[in-house]
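Remarks on the structure that follows.
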Amino acid sequence: MKKIGRNDPCPCGSGKKYKQCCASLGEVQAASTHFLDTSIPTAIQAALEHHQAGRLSQAEAIYRQILQIAPNHPDALHLLGVIAHQTGKIEIAVELISKAIRLNPSTSMYCNLGAALRDQGKLDAAVESYHKALSIQPDFADAYSNLGIALQQQGKLDAAVEIYHKALSIKPDYAEAHSNYLMTAQYGLSHSPAELLADHLAFAERFEAPLRAIWPSHGNNRDVQRRLRVGFVSGDLHTHPVGFFLEGVLAHLDLKALDIFLYPTYAQVDALTRRLQGMGFAWESLVGLSDERAAHRIREDAIDILVDLAGHTGRNRLRLFARKPAPVQVTWLGYVATTGLQAMDYILCDRYVAPANESDHFVEKPWYLPNTRLCFTPPQDEIAVGVLPALTNGRVTFGCFNNLTKMNDAVVALWTQVLHAVHGSRLLLKCKQLNEPSLQRATLSRFAGRGIAADRLTLEGASSRADYLATYNRVDIALDPFPFTGGTTSVEGLWMGVPVITKRGDRFIAHQGESILHNVGLPDWIAADNEAYVAIAVARATDLSGLATLRAKLRSQLLASPLCDAPLFARNLEAAFRGMWQAYSRR
């Protein structure tokens, strides 16, 4: 094996000379040594440091070089599989991590295999993998938290909550598990708005309260007319609902008024990521940075307004926001409730999702955008709106393409009433979880128990986005779940000419469908209660002519609405930021 000279290319694949890269960091053996099996532990450490810092290509290069020397090195196989998962190559990830497990199983391997299987839609296998991790290490909190996510996605909400509590009993300072619990609590009806607020306050008491005494004083220039420096923090700056709603807005912001910084918290890069990177904004990864270091970077960037796009969803950095790195902090878009943090000054909303009589649901002060809190970027795929399916197949097809987790027992009971009330109707359900045969059987059983035969249901799993959108051409009317109503799926359905029936709610997420329908000009599709929900379904299903007319014009109606008016939304968002800064400057 060739020696690594100080002027040779670094084996990590960075493109730099060895002396300028890993040698200077002491991450691999000195230049005078051979890169042989004896140096593999040091090389693994070098790769891990690249990996944890989000330098995936450099880490991958080292793992691959190790495997050239030792093709069956379990750690290199495992960690290369983790990178494959992070870069969207899920089948390769499962293959690599499974091979590592066959060689030398560990708790982390089983846990990472479970995460890849979960994203592959193989939830039963994921659950089994997490249990194997726990059989090796019964107090492995990470495995419990990840198991909770899988159970949540299977729709087993009570079991997921119990598992999150187990993770927190083992590791009380496990912020991710606490956030996972808060997210899961949004899907069912067992938590009242007051109980949800209390749970979010408990998160803040544990993870924010110890930091409040060390919040920095901010020396930002308080001139209300100057160009503001605005940072967006997100782990979803890729093909994801957050990306779909963010892309068009960013493209229309006035860069004479705002200096934009994007702070990704996850290393995944895809076509949408590259489009965002191509907009010319500052792009500063927080991957691998501690909360303290990330807060320091944001203060160095002199950010005036820092925007959280995650809330308690995955890869959030709420503990960074808890350090108050910017004088004004606002949460928007990615989450459906309060963050619970006193450091979060505002929550961006509209009058529909946060009516004035519910302002006590939030720690943050609601900041109302004029029309909608959402701005949809229309799909690039040109999928034509088809004719109303009921006109050709002689029956009405209802549909829901939301996450199966939203289909709690109350939702199934109401949809069953709809199917009984509309003679001969069908229900088409489509989501990633329905790739799983066991969940297909469970779903059929839930409806069968309420008198709906299997031949009235069509269950479909994940597909490409183009095929997913085209599937709406087989649906006449969409049904919104509750309390966790649809967002992206509802707007995509409208874009495909499919109107949605939603039910008025009692909390932020339960109002999302109302906001969408008010903004697209369909307030008469909002039901006050279960009885009205069924009545709307019956009335619309028996007026096929009216339904066909609406279908033909709905895309243009959506495109002309505030939901798709990115220039208008950008002006409203700029005005919101300016107003927040003026309020801060007057303190």
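Note that these values count all heavy atoms, side chains included, but never hydrogens, waters or copies made by symmetry.
Judged by distance alone, with hydrogens and angles left aside, the side-chain atoms of Asn220 form a donor-acceptor pair with the main-chain N or O of Ile303 at under 3.5 Å. Looking only at distances, no side-chain donor or acceptor of Glu284 sits under 3.5 Å from a matching main-chain atom of Phe261. Proximity of a side-chain donor or acceptor of Asp345 to a complementary backbone N or O of Val330 within less than 3.5 Å is not detected. Of the possible polar contacts, none joining the Thr372 side chain to the Leu563 backbone as a donor-acceptor pair under 3.5 Å is found. Arg297 places a side-chain N or O within 3.5 Å of a backbone atom of Ser285 that can act as its donor or acceptor partner. A distance-only check finds no donor-acceptor pair linking the side chain of His312 to the backbone of Leu182 [under 3.5 Å]. Under the 3.5 Å distance criterion, the side-chain polar atoms of Thr273 are matched with a main-chain donor or acceptor of Asp270. Side-chain atoms of Thr313 come within 3.5 Å of backbone atoms of Ala310 as a donor-acceptor pair (strictly under, hydrogens ignored).
Under the 3.5 Å distance criterion, with hydrogens and angles disregarded, no donor-acceptor pair is assigned to the side chains of Asp304 and Tyr584.
Taking the six-membered ring where the residue is Trp, Phe569 and Trp332 present parallel rings, their angle staying beneath 30° rather than reaching 60°. Relative ring orientation between Tyr472 and Phe401 is described as tilted, the plane-to-plane angle lying within the 30° to 60° band.
Geometrically, Arg465 engages Phe244 in a cation-pi contact defined by less than 6.0 Å to the ring centre and at most 45° from the axis.
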Is there a side-chain hydrogen bond (donor to acceptor under 3.5 Å, both in side chains) between His296 and Glu292 once you walk through the steps? CA-CA 6 Å; His296 180 71; Glu292 182 177 3; over 6 Å; no

Apply the test side chain to side chain contact (heavy atoms under 4.5 Å, CB included) to residues Leu258 and Glu574: give CA-CA distance (whole Å), side-chain angles for both, the deciding distance (0.1 Å), then the verdict. CA-CA 8 Å; Leu258 304 176; Glu574 291 161 10; 3.7 Å; yes

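For the pair Glu176 and Arg319, the salt-bridge criterion is met [side-chain N within less than 4.0 Å of a carboxylate O]. In this structure, Arg206 pairs ionically with Asp173, as a charged nitrogen and a carboxylate oxygen lie closer than 4.0 Å.
Exactly one of Asp350, Val249, Leu348, Asn371 qualifies for a side chain to side chain contact (heavy atoms under 4.5 Å, CB included) with Asn572. That residue is Asn371.
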